[in-house]
J.: 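One structure coming up, written as structure tokens, with questions to follow.
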Amino acid sequence: MQNIVLVILLIIALALILIVLMQRSEGGGLGIGGGGGGNMSGRPPASPLAKVTWALGAGFMAASLALTVIANQDAATTSVIDRVGTDRPQADADDSPSTPLGADLLPPTPEADPTQPPSAEN
């Protein structure tokens, strides 16, 4: 169920992005450059794209809340503390490596490699 709501949320987000990009810029974003007065003091009626934007925004918020509630219900059924006391399955003796892990990464001991470094001869 959580995956279904997540896919719906992603589809709404993509649609919201496309609708916002299709809208015409009205200028004066964030109230910058707008001088009050005259015929421009009132808001024009909302365009159909603006209404779709509001609907998609409401759907995005509803899907986000639904996803949060579903995730919270799934998390409430199990706890990390409940799993602490359980034993992990032991590995078979055949699966264990013949040498300790990382033994091949250590430098050779002097007993294992008695070669001497080359000497400088004049």
Side-chain angles (χ1 to χ4, degrees):
M1 183 67 181
Q2 192 172 5
N3 289 337
I4 295 171
V5 176
L6 185 61
V7 169
I8 292 171
L9 185 70
L10 292 174
I11 291 171
I12 291 173
L14 290 175
L16 190 58
I17 290 169
L18 291 175
I19 290 294
V20 168
L21 289 176
M22 287 186 342
Q23 290 183 10
R24 180 177 56 92
S25 175
E26 296 177 1
L30 300 176
I32 298 172
N39 292 337
M40 299 302 290
S41 61
R43 288 188 66 127
S47 67
L49 283 179
K51 292 178 184 178
V52 171
T53 304
W54 276 100
L56 286 174
F60 184 83
M61 292 301 294
S64 297
L65 288 174
L67 187 61
T68 303
V69 169
I70 291 170
N72 191 20
Q73 287 175 350
D74 288 346
T77 58
T78 61
S79 174
V80 175
I81 295 174
D82 293 339
R83 292 181 276 168
V84 168
T86 59
D87 294 331
R88 294 187 342 189
Q90 297 294 326
D92 294 335
D94 298 336
D95 293 341
S96 63
S98 60
T99 60
L101 294 176
D104 55 340
L105 299 176
L106 298 175
T109 61
E111 296 83 25
D113 190 18
T115 59
Q116 298 295 324
S119 62
E121 297 178 357
N122 292 336

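If you read the sequence from its start, that first residue is 1, and numbering goes on from there.
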J.: Considering residues at least two apart in sequence or located in another chain, which fulfil the side chain to side chain contact (heavy atoms under 4.5 Å, CB included) criterion with Ile19?
T.: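 Counting only residues at least two positions away or on another chain, Ile19 forms a side chain to side chain contact (heavy atoms under 4.5 Å, CB included) with Met22, Gln23, Leu49, Val52, Thr53, Leu56.
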J.: Measure the spacing between CD of Gln2 and OG1 of Thr68 and express it to the nearest 0.5 Å.
T.: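 Answer rounded to 0.5 Å: 9.5 Å.
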J.: List, by chain and then residue number, the residues other than Leu21 in its hydrophobic cluster (Ile/Leu/Val/Met/Phe/Trp/Tyr, side-chain heavy atoms under 4.5 Å); write none if there are no others.
T.: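 Cluster partners of Leu21: Ile17.
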J.: Any side-chain hydrogen bond (donor to acceptor under 3.5 Å, both in side chains) pairs touching residues 4-20, not counting sequence neighbours?
T.: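 Every pair satisfying side-chain hydrogen bond (donor to acceptor under 3.5 Å, both in side chains) with a residue in residues 4-20: there are none.
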J.: Report the residues that fulfil side chain to side chain contact (heavy atoms under 4.5 Å, CB included) with Ile8, sequence neighbours left out, ordered by chain and then residue number.
T.: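 Here the qualifying residues are Ile4, Ile12.
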J.: How would you list, by chain and number, every residue that makes a side chain to side chain contact (heavy atoms under 4.5 Å, CB included) with Ser64, sequence neighbours excluded?
T.: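 Result, side chain to side chain contact (heavy atoms under 4.5 Å, CB included) vs Ser64: Leu9, Phe60.
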J.: Checking one residue: Ile11. Which other hydrophobic residues are in its cluster under the side-chain 4.5 Å linking rule?
T.: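 Hydrophobic cluster check, Ile11: joined to Val7.
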